[in-house]
Amino acid sequence: MKKTLFLYGVFLFLILQSCNSGIKSVYRDDFRSADEAEKEKILKEVKASKSNMSILFLTQIYKGEKIIIAQNGKTIYTEYPITNLNTRIADYLSFNNQQDVVIKDGNFQKKEIIIPAKKSSQYKYIYLMKKVNKGKFQFIITYSNTLRPLK
């Protein structure tokens, strides 16, 4: 009986591990950094200079679908961002990194992405990118303490 339960547990674990949620997390600081003047300008623009604030960047493959971002049950962003092909940035905003952030990709994928406070509080810059892989969309969250140049 114990052996059967153990095998059942292993089988269930393998099935759950193979499921693809469509969300991938990456941790990087090894790309080209913006200069200090640009960093200060962005931090001041979105009021993210304090340590409890992080900046969320919506990056690639945003084509005007409705994006809703909520925190603590309150909507902090509702827009239809479009990725700028030169900068590869669709939009950006600051948020309190001491609370979870819920991002809803309303019109296009009906996906909900959660950025937990446990992770966001460790990073100043969080990049959310969409990627098309074999006809399916995948979200890639990159946590970083390096600001990519926006120019």
Side-chain angles (χ1 to χ4, degrees), residues 12-151:
L12 183 61
F13 175 77
L14 291 173
I15 289 173
L16 291 174
Q17 287 295 322
S18 67
C19 292
N20 184 359
S21 67
I23 301 171
K24 177 181 174 185
S25 294
V26 179
Y27 306 89
R28 289 188 58 187
D29 279 322
D30 61 345
F31 42 81
R32 191 169 56 99
S33 177
D35 62 32
E36 285 303 314
E38 186 174 14
K39 283 183 196 177
E40 291 303 316
K41 179 183 173 222
I42 297 297
L43 291 171
K44 188 175 181 179
E45 177 185 331
V46 295
K47 298 177 179 87
S49 296
K50 295 181 182 176
S51 63
N52 70 327
M53 301 299 284
S54 292
I55 302 175
L56 175 65
F57 292 89
L58 305 176
T59 61
Q60 296 181 42
I61 311 184
Y62 287 89
K63 298 180 179 182
E65 62 276 9
K66 185 176 185 177
I67 303 295
I68 301 168
I69 302 174
Q71 196 168 41
N72 205 22
K74 295 181 182 178
T75 300
I76 60 171
Y77 178 93
T78 302
E79 293 292 332
Y80 299 85
I82 297 174
T83 301
N84 179 315
L85 298 178
N86 293 325
T87 65
R88 297 185 308 177
I89 300 289
D91 208 352
Y92 54 93
L93 67 140
S94 65
F95 66 94
N96 182 337
N97 61 25
Q98 304 300 307
Q99 300 171 350
D100 293 349
V101 174
V102 179
I103 304 158
K104 295 179 184 176
D105 187 346
N107 294 346
F108 196 62
Q109 289 288 309
K110 306 250 186 253
K111 290 256 185 192
E112 189 173 281
I113 298 107
I114 298 174
I115 298 176
K118 184 177 180 181
K119 289 185 182 179
S120 64
S121 63
Q122 298 175 28
Y123 299 93
K124 192 67 171 178
Y125 310 104
I126 299 167
Y127 303 90
L128 181 61
M129 174 178 81
K130 291 183 187 182
K131 183 177 180 181
V132 180
N133 188 9
K134 296 180 183 176
K136 293 185 179 181
F137 278 89
Q138 178 182 31
F139 287 90
I140 300 174
I141 304 170
T142 303
Y143 296 93
S144 181
N145 284 312
T146 302
L147 176 63
R148 250 181 40 195
L150 303 181
K151 299 175 188 176

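Positions are given from 1, in the same order as the sequence printed here.
Here the closest non-hydrogen pair linking Arg148 and Thr59 is NH1-CG2, 4.1 Å. Closest non-hydrogen pair, Ser54 versus Ser120, comes out as OG-O, 3.3 Å. The minimum heavy-atom distance between Ser49 and Lys44, with the atom names listed, is OG-N, 4.5 Å. Closest non-hydrogen pair, Thr146 versus Tyr125, comes out as C-CD1, 3.5 Å.
The line from CD1 of Ile141 to CD1 of Ile126 is 8.0 Å long, rounded to the nearest 0.5 Å. Interatomic distance, CD of Glu79 versus NZ of Lys66, reported as 10.0 Å (0.5 Å rounding). One finds the CE atom of Met53 at 10.5 Å from the CD atom of Gln98 (value rounded to the nearest 0.5 Å). We find the CD1-CD1 distance between Ile140 and Ile61 to be 9.0 Å, quoted to the nearest 0.5 Å. Note that OH of Tyr77 is 9.0 Å distant from CG of Leu56, once rounded to the nearest 0.5 Å. In this structure, the separation between OG1 on Thr78 and NZ on Lys104 is 10.0 Å, given to the nearest 0.5 Å.
The aromatic rings of Tyr27 and Tyr143 lie parallel to each other, with less than 30° between the two planes, well short of the 60° mark. The aromatic rings of Tyr127 and Phe57 lie parallel to each other, their planes meeting at an angle below 30°, with 60° marking the opposite boundary.
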task = Test side chain to side chain contact (heavy atoms under 4.5 Å, CB included) on Lys130 and Asp105 and set out the steps.
result = CA-CA 11 Å; Lys130 291 183 187 182; Asp105 187 346; 2.7 Å; yes
request  = Show your working on side chain to side chain contact (heavy atoms under 4.5 Å, CB included) between Ile103 and Phe139 and close with a plain yes or no.
outcome  = CA-CA 11 Å; Ile103 304 158; Phe139 287 90; over 6 Å; no
task = Start with the C-alpha distance between Lys39 and Glu36, add both sets of side-chain angles, then the distance that settles salt bridge (Lys or Arg N to Asp or Glu O under 4.0 Å), and finish with yes or no.
result = CA-CA 5 Å; Lys39 283 183 196 177; Glu36 285 303 314; 3.3 Å; yes
task = For Asp91 and Tyr62, run side chain to side chain donor-acceptor pair (under 3.5 Å): C-alpha distance rounded to whole Å, both residues' side-chain angles, the deciding distance at 0.1 Å, then the answer.
result = CA-CA 9 Å; Asp91 208 352; Tyr62 287 89; over 6 Å; no
key: Derivation of the side chain to side chain contact (heavy atoms under 4.5 Å, CB included) call for Phe95 and Ile76   = CA-CA 8 Å; Phe95 66 94; Ile76 60 171; 4.0 Å; yes
request  = Begin with the C-alpha distance, continue with both residues' side-chain angles, and end with the deciding distance and a verdict on side chain to side chain contact (heavy atoms under 4.5 Å, CB included) for Met129 and Thr142.
outcome  = CA-CA 8 Å; Met129 174 178 81; Thr142 303; over 6 Å; no
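Residues Asn52 and Asn96 meet the side-chain proximity criterion, which asks for heavy atoms closer than 4.5 Å. Using a 4.5 Å heavy-atom cutoff, the side chains of Ile55 and Leu43 are in contact.
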